[in-house]
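This report concerns only the one structure given below.
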Amino acid sequence: MKLLSIQSVVAHGHVGNSAAVFPLQRIGVEVVPVPTVNFSNHTGYGAWRGPLIPPPDVAEILLGVEERGVFPQIDVVLSGYQGGVGIGDVIVDAVRRVKAANPSALYACDPVMGNAKSGCFVAPEIPSLLRDRVVPVADIITPNQFELGFLTGTEPASIESILASADLARAMGPSTVLVTSVERPDREEGVIEMLVVDGAGAWLVTTPHLPFKANGSGDVTAALFTAHYVKTGNAAVSLERTASSVFDLIEMTYRAGERELQLVQAQEFYAAPRMQFSAKQVR
């Protein structure tokens, strides 16, 4: 598999492509990483240095890749955090050109906007850009529960309402919706869930909830799920593999007492997931 990943890059730590590329490589995916920002560190520190890559420069990098004859080989395009408004149009155009070169290629969009605890942490124009222009051309989206609510104008909480919101999202264009960080009020204490919905059904996986914030874990989740799903076409198996790998990554980071993901140290958990969590079909 060859995957074109258009995301942020940081020098210190692991978010965006700095989180997604290595786990993908470790499961045998050839990654073509294109940066949208080049920061010293992720913005969760409150201070960082380095530039947003101007959209025309991102487009130039993509054009150079296209000119090398790579686009017909691309199986999937993946995008994540979009630092500025213009980058959305660049990504959508790249998706169009990749699909023209390889009609079987898919586009997976992680519509990064924020979360229930901190609200939106992107530029004010980004959420509507994602909702109106980017998500409709995606085949797979990986929002968290908060982002799913914004995209669909709903407030998903119970399994039933999350499923209904996912159906609304699928009606916008994507055929597959992975809802990360599901925190419904009626769940068991001390757990967190992920839910995937596609044309074959809906599945829920439950893992222990570790009490700390792991920046970049969503980027790893989106990358691994996308790769597993494109390889297998099986949403339940892809969910189980992803949940296994990401939980072990987060647990290793938590036990190490580190702020940044222990991405390299956890590499065997990507290559050989323990498969300790089972996905339950909920529809």
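No single ILVMFWY cluster, assembled from side-chain heavy atoms under 4.5 Å apart, contains both I159 and L239. Note on V134: it does not cluster hydrophobically with V76, by side-chain heavy-atom contacts below 4.5 Å among ILVMFWY residues. Note on V205: it does not cluster hydrophobically with V237, by side-chain heavy-atom contacts below 4.5 Å among ILVMFWY residues. Taken together through direct or relayed side-chain contacts under 4.5 Å among Ile, Leu, Val, Met, Phe, Trp and Tyr, V15 and V112 form part of one hydrophobic cluster. Under the 4.5 Å side-chain heavy-atom criterion for grouping Ile, Leu, Val, Met, Phe, Trp and Tyr, V98 is connected to I61 within one hydrophobic cluster.
Side-chain contact between Q145 and L148 is absent, with no heavy atoms from C-beta onward closer than 4.5 Å. Side-chain atoms of L4 and L78, non-hydrogen and from C-beta on, never get closer than 4.5 Å to each other. Using a 4.5 Å heavy-atom threshold, the side chains of I140 and Y229 count as touching. A 4.5 Å side-chain heavy-atom check between V92 and Y107 finds every atom pair outside the cut-off. In this structure the side chain of V230 reaches within 4.5 angstrom of the side chain of L106, judged on heavy atoms. E30 has its side chain out of reach of Q73: every pair of non-hydrogen atoms, C-beta onward, lies at least 4.5 Å apart. Side-chain contact check for L151 versus M113: some heavy-atom pair is nearer than 4.5 Å. Residues E147 and V179 have side chains not in contact (no heavy-atom distance under 4.5 Å, counting atoms from C-beta outward).
No donor-acceptor pair under 3.5 Å is formed between the side chain of D198 and the backbone N or O of T176. Put simply, the side chain of E240 gets close to the backbone of A279: a donor and an acceptor are under 3.5 Å apart. Proximity of a side-chain donor or acceptor of T253 to a complementary backbone N or O of L261 within less than 3.5 Å is not detected. Looking only at distances, a side-chain donor or acceptor of R187 sits under 3.5 Å from a matching main-chain atom of V191.
Using a 4.0 Å cut-off between a side-chain N of Lys or Arg and a carboxylate O of Asp or Glu, D139 and K99 qualify as a salt bridge. For the pair D75 and K231, the salt-bridge criterion is not met [side-chain N within less than 4.0 Å of a carboxylate O]. Here R97 pairs with E66 in a salt bridge; the nearest charged N to carboxylate O distance falls below 4.0 Å.
Counted by atom type alone, T36 and Y81 present zero donor-acceptor pairs between their side chains at under 3.5 Å. N17 and S5 share a side-chain donor-acceptor pair at under 3.5 Å. Counting only N and O atoms by type, the side chains of N215 and E260 include no donor and acceptor under 3.5 Å apart. Inspection of the T221 and T242 side chains reveals no N or O donor paired with an N or O acceptor under 3.5 Å.
Nearest heavy atoms, Q25 versus V31: CG-CG2, 4.1 Å. Of all heavy-atom pairs spanning P111 and V135, the tightest one is CB-CG2, 4.4 Å. For the pair G80 and Q7, the tightest heavy-atom approach, listed with the atom from each and the gap, is N-CG, 3.5 Å. Considering all non-hydrogen atoms of both residues, L249 and Q262 come closest at CD1-O, 3.5 Å. Closest non-hydrogen pair, S158 versus R184, comes out as CA-CB, 4.5 Å. Nearest heavy atom pair, residue A20 against residue P23, reads O-CD, 3.4 Å.
Hydrophobic cluster membership for F269: M252 (Ile, Leu, Val, Met, Phe, Trp, Tyr linked by side-chain heavy atoms under 4.5 Å, directly or transitively).
Taking the six-membered ring for Trp and thresholds of 30 and 60 degrees, Y270 and F22 have ring planes more than 60 degrees apart, a perpendicular arrangement. Ring planes of F247 and F277: perpendicular class, angle over 60° (limits at 30 and 60°).
When ring centroids are compared, Y45 and H42 come within the 6.0 Å threshold.
The environment of Q281 atom CD is dense: over 12 non-hydrogen atoms of other residues, nucleotides or ligands sit within 6.0 angstrom. When the shell of 6.0 Å around CD of E67 is examined, it contains more than 12 heavy atoms from other residues, nucleotides or ligands.
Annotation: the span from N144 atom CG to L178 atom CG amounts to 10.5 Å, rounded to 0.5 Å. Once rounded to the nearest 0.5 Å, the distance linking CG of N38 with CZ of R49 reads 14.5 Å. Taking CG of L130 as the reference point, atom CD1 of I91 lies at 8.5 Å (rounded to 0.5 Å).
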Using salt bridge (charged side-chain N to carboxylate O under 4.0 Å, His left out), reason through R255 and D248 one step at a time and then give a plain yes or no.
CA-CA 10 Å; R255 294 191 182 284; D248 282 337; over 6 Å; no
Could you walk me through whether M194 and V182 pass the side chain to side chain contact (heavy atoms under 4.5 Å, CB included) check?
CA-CA 6 Å; M194 289 195 291; V182 172; 5.6 Å; no
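Taking S18 as the reference, V9, V10 meet the side-chain contact (heavy atoms from CB on, under 4.5 Å) condition, with sequence neighbours excluded.
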